[in-house]
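Everything on this sheet refers to the single structure shown next.
These numbers were taken from a predicted model, which means no experiment stands behind them. Atom set for the values below is all heavy atoms of this structure, side chains included, hydrogens, waters and symmetry mates excluded.
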Amino acid sequence: MPEAILEVRDLVKHYPLTQGILFKKQIGAVKAVDGVSFGLGEGETLGIVGESGCGKSTVAKMLVNLERPTSGSIFYKGEDITQLSGRALKAVRRNIQMVFQDPYTSLNPRMTVGDIIGEPYEIHPEVAPKGDRRRKVQDLLDVVGLNPEYINRYPHQFSGGQRQRIGIARGLALQPEVIVADEPVSALDVSVQAQVVNLLERLQSEFRLSYVFIAHDLSIVRHISDRVGVMYLGRVVEIGTDSQIYDHPTHPYTQALLSAVPVPDPGARAHRERIILTGDVPSPANPPSGCRFRTRCWKAQEKCALEVPLLAVPEWFRSAGGPAAHPSACHFAAEKQVVPQEGELPPRPSPPPPLSKEP
């Protein structure tokens, strides 16, 4: 990995659950993010994937300081930004910008495109003098592939793909080094998704940007990402380069996700093993003990309920070495294994204990 520009260590975000009206009492917590760690290199794209509710967007909000973490650290160029406030935090925020998921709600409908893209200059006037802002906004519109003459138009006059380009232009206004893209193409048509992804790749090459790219679509993540982190119920369960994750997945959850990716070739699809997970994702307010995936895993044993698996390179991978070795949070991680047939689960060596009653 290139030299880290952003490093996340044991990031935690718990939302308290309370009861009562006048005298509120905390009865538990929603563990949205519970011990996430990763690094982002200069000029690198880190993709983050996982089911809805696994904590991806919460991580994104903490990276740009829209949410304060319960505990943990976020280091930007060696400085812990979770401890900053006032002017120091404002300076860092200029270098870490965000592109939001929904281009229909992330743009103020009462503001013109010029005002939306130029608003960051009101907060950071040192970036662009007043007399130079209109030209800079027009340059940004041109950079993202929009006509600079659209500067006085309103968001409702644009298509979804054009609105997302406006959001990207706003994110570029302050010349950041890191952009956190929270599912930036999920609300767009497939053909428009490709255009926006190609735009992001071009901008990264042109401005030497580093991306944290969050998405559901595994094919898009593989196309744009240098490394991929897989999240499940608030934790990273596997992380590695795109080829390591897609060609040599070792965590059962990652293997299940990849088995669900649509395959256009009917012949290849007929010979592919499909992993069907049973049950629902447990509540983040009361996650299972030990491994959080054990209640849906066909390989779960008693050890999975008693010990939390560490995100580390499996022992058999470590001894074998080679470019495929990467961290996986599973006691029984395996690159190749016997998977259940579609619609059934094989018998387990021993059933896991019931869910923990602790909040």
Side-chain angles (χ1 to χ4, degrees), residues 45-57 59 101 181-191 193-194 197 213-284 287-288 291-300 304 309 311 314 324 326-330 332-346 348 352:
T45 299
L46 173 67
I48 299 180
V49 300
E51 293 173 283
S52 295
C54 71
K56 306 185 302 294
S57 293
V59 169
Q101 175 179 357
D182 184 15
E183 301 194 42
V185 297
S186 63
L188 306 177
D189 294 337
V190 175
S191 59
Q193 288 181 1
V197 169
F213 189 90
I214 296 170
H216 280 102
D217 193 322
L218 294 173
S219 59
I220 290 179
V221 170
R222 182 170 197 178
H223 176 77
I224 196 173
S225 300
D226 300 302
R227 290 188 304 125
V228 179
V230 182
M231 286 190 66
Y232 182 81
L233 208 60
R235 291 180 178 167
V236 175
V237 297
E238 189 167 1
I239 191 168
T241 65
D242 59 343
S243 61
Q244 288 172 342
I245 296 297
Y246 285 84
D247 298 335
H248 308 279
T250 60
H251 196 281
Y253 178 63
T254 308
Q255 293 167 346
L257 281 182
L258 293 176
S259 78
V261 175
V263 176
D265 182 1
R269 184 166 60 243
H271 292 88
R272 188 180 66 166
E273 292 177 304
R274 179 77 165 87
I275 303 175
I276 304 296
L277 299 179
T278 61
D280 297 324
V281 181
S283 169
C291 175
R292 296 189 173 189
F293 184 61
R294 67 177 176 82
T295 58
R296 304 173 72 194
C297 182
W298 64 93
K299 297 167 61 179
C304 302
L311 184 63
H326 62 280
S328 180
C330 178
F332 305 102
E335 182 181 356
K336 294 182 179 179
Q337 59 183 343
V338 177
V339 298
Q341 298 298 315
E342 185 164 339
E344 65 178 11
L345 288 175
R348 295 171 175 169

Requested in this report: Locate the shortest heavy-atom distance separating L311 from A329; write the atom from each residue and the value.
Outcome: CD1-N, 3.8 Å
Query - Test log, rule side chain to side chain contact (heavy atoms under 4.5 Å, CB included), inputs D182 and F213 - result: CA-CA 6 Å; D182 184 15; F213 189 90; over 6 Å; no
Query raised in the report: Checking H326 side chain against A324 main chain: does a donor-acceptor pair fall under 3.5 Å?
Result: yes
Requested in this report: Check whether any side-chain N or O of E238 sits under 3.5 Å from a backbone N or O of H251 as a donor-acceptor pair, and report yes or no.
Outcome: yes
Query raised in the report: Given side chains that start at C-beta, do those of V197 and H223 come closer than 4.5 Å, heavy atoms only?
Result: yes
Query raised in the report: With distance as the sole criterion, is a donor-acceptor pair present between the side chains of D217 and S219 under 3.5 Å?
Result: yes
Query raised in the report: Does any N or O in the side chain of Q193 come within less than 3.5 Å of the main-chain N or O of L188, such that one atom is a donor and the other an acceptor?
Result: yes
Query raised in the report: Can you tell me how far the CD1 atom of I275 sits from the CH2 atom of W298, to the nearest 0.5 Å?
Result: 3.5 Å
**Report entry** Reported SG-to-CZ distance for the pair C304 and F332, which is rounded to 0.5 angstrom
**Finding:** 5.0 Å
Requested in this report: Mark yes or no for whether S225, through its side chain, and L46, through its backbone, hold a donor-acceptor pair below 3.5 Å.
Outcome: no
Query - L258 versus I245, closest heavy-atom pair with distance - result: CD1-O, 3.3 Å
Query raised in the report: Ignoring hydrogens and geometry, is there a side-chain-to-backbone donor-acceptor pair from D226 to T45 under 3.5 Å?
Result: yes
Query raised in the report: Any side-chain heavy-atom pair from I276 and R274 closer than 4.5 angstrom?
Result: yes
Query raised in the report: For E51, which of R296, R292, K56 qualifies under salt bridge (Lys or Arg N to Asp or Glu O under 4.0 Å)?
Result: R296
Requested in this report: For residues M231 and C54, report the shortest heavy-atom separation together with the two atoms involved.
Outcome: CE-O, 3.4 Å
Query raised in the report: So, do V230 and L257 sit near enough that their side-chain heavy atoms are less than 4.5 Å apart?
Result: yes
Query raised in the report: When rounded to the nearest 0.5 angstrom, what distance separates CG in L233 from OG1 in T295?
Result: 8.5 Å
Query raised in the report: Taking 4.0 angstrom as the limit, do R222 and D247 come out as a salt bridge?
Result: yes
Report summary line: On a heavy-atom basis, the closest approach of G240 and Q244 is CA-OE1, 3.3 Å
Query raised in the report: Is Y246 close to V228 at the side-chain level, that is, under 4.5 Å between some pair of heavy atoms?
Result: yes
Query raised in the report: If you round to the nearest 0.5 Å, how far is CZ of R294 from SG of C330?
Result: 13.5 Å
Report summary line: Between P284 and P287, the two heavy atoms sitting closest are O-CD, 3.6 Å
Report summary line: Heavy-atom closest pair (G47 atom, V221 atom, distance to 0.1 Å) is CA-CG1, 4.1 Å
Query raised in the report: Do you see a donor-acceptor pair shorter than 3.5 Å between the side chains of S52 and H216?
Result: yes
Query raised in the report: Does any non-hydrogen side-chain atom of Q101 lie less than 4.5 Å from one of P184?
Result: no
Query raised in the report: Is the backbone of P252 close enough, under 3.5 Å, to the side chain of K299 for a donor and an acceptor to pair up by distance?
Result: no
Report task. Look up atom SG in C291 and atom OH in Y232, then write down how far apart they are to the nearest 0.5 Å. Result -> 8.5 Å
